[in-house]
Amino acid sequence: MPFSVRRVQGDGITTVEVDGEVDIDTAPRLRSALEAAIRSGLPIVIDLGGVTFMDSAGFGVLVSTHLQARRVGTSMLLRAVSGRIRDLLGVLGLDTVLAIEPEPAPPTSAERR
């Protein structure tokens, strides 16, 4: 899957939608999009639902963006984080530093009907 990143503003937030592999080659594009999101002055939601792979360069971008956002008083939330990336965030200890939207609860048997 080719990498893409897109910023969308609305409802008082800037959402950054990321798809594909975030690695040493694509991390600069992600960083650029997130820096622009910070400049918007709105809270930032980073939607990682389409991310299929992330290496240390990608995690580094998330951490540096988190620090920049804190310096300017902007909140940052990770949304739609896959189990695999969530696990890596845990191994790196970043799950206690970065705000991560909770996974939705599985539907109950009554809701499936």
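Residues take their numbers from the sequence shown, with the count starting at 1.
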Check your understanding: Minimum heavy-atom separation for Val5 to Ala33, with atom names?
Key -> CG2-CB, 3.7 Å
Practice item. Give the cluster check for Ile13 versus Val72: same hydrophobic cluster or not, with ILVMFWY residues linked at side-chain heavy-atom distances below 4.5 Å. Key: no
Study note, to complete from the structure: Output for pair (Thr52 OG1, Glu21 CD), nearest 0.5 Å, gives 4.5 Å
Practice item. Taking the side chain as every heavy atom from C-beta outward, state whether Gln9 and Leu42 have any atom pair closer than 4.5 Å. Key: yes
Review point. When clusters are formed by joining ILVMFWY residues with side-chain heavy atoms under 4.5 Å apart, either directly or through shared neighbours, do Ile38 and Phe59 land in the same one?
Key: yes
Check your understanding: Taking atom CZ of Phe53 and atom CD1 of Ile85, what is their separation to the nearest 0.5 Å?
Key -> 9.0 Å
Practice item. State, to 0.1 Å, how close Pro43 and Gly12 come at their nearest heavy-atom pair, and which atoms those are. Key: CD-O, 3.3 Å
**Study point:** Value rounded to 0.5 Å, distance of CG in Asp23 from OG in Ser56
**Key:** 9.5 Å
Point to revise | Spacing of OG1 belonging to Thr15 relative to CD1 belonging to Ile44, to within rounding of 0.5 Å | key: 10.0 Å
**Study point:** Derivation and outcome, side-chain contact (heavy atoms from CB on, under 4.5 Å), residues Phe3 and Leu30
**Key:** CA-CA 10 Å; Phe3 176 81; Leu30 176 59; 4.2 Å; yes
Point to revise | Of Val22, Leu78, Leu94, the residue whose pairing with Leu62 passes side-chain contact (heavy atoms from CB on, under 4.5 Å) | key: Leu78
Point to revise | Side chain Ser40, main chain Thr14, donor-acceptor under 3.5 Å | key: no
Review point. For the side-chain contact (heavy atoms from CB on, under 4.5 Å) test, which of Leu88, Leu48, Val81 pairs with Met54?
Key: Leu48
Exercise for review: Decide yes or no on side-chain contact (heavy atoms from CB on, under 4.5 Å) for Leu98 and Met76, but give the supporting numbers first.
Suggested key: CA-CA 8 Å; Leu98 303 174; Met76 181 183 108; 3.9 Å; yes
Practice item. Report yes or no: do Arg31 and Ser64 form a side-chain donor-acceptor pair below 3.5 Å? Key: yes
**Study point:** Qualifying residues under salt bridge (charged side-chain N to carboxylate O under 4.0 Å, His left out), relative to Arg70, sequence neighbours excluded
**Key:** none
Practice item. Could you pull out all residues at least two apart from Arg79 that satisfy salt bridge (charged side-chain N to carboxylate O under 4.0 Å, His left out)? Key: Glu101
Check your understanding: Asp95 versus Arg86: any side-chain heavy-atom pair under 4.5 Å?
Key -> no
Practice item. Calculate, to the nearest 0.5 Å, the distance between atoms CZ and OG belonging to Arg29 and Ser4 respectively. Key: 7.5 Å
Review point. Taking it one step at a time, do Val18 and Asp47 satisfy side-chain contact (heavy atoms from CB on, under 4.5 Å)?
Key: CA-CA 6 Å; Val18 188; Asp47 186 327; over 6 Å; no
Check your understanding: Do Glu17 and Val8 have side-chain heavy atoms sitting under 4.5 Å apart?
Key -> yes
Review point. Under 4.5 Å between any side-chain heavy atoms of Ile46 and Leu34, yes or no?
Key: yes
Review point. Atom CZ in Arg7, atom CZ in Arg39: separation rounded to 0.5 Å?
Key: 7.5 Å
Review point. Taking everything shown except Leu67 itself, do over 12 heavy atoms lie less than 6.0 Å from its CG?
Key: yes
Check your understanding: Looking at Asp55 and Ala57, what are the two nearest heavy atoms and their distance?
Key -> OD1-N, 2.9 Å
Point to revise | pair Val91-Leu89: side-chain heavy atoms closer than 4.5 Å | key: no
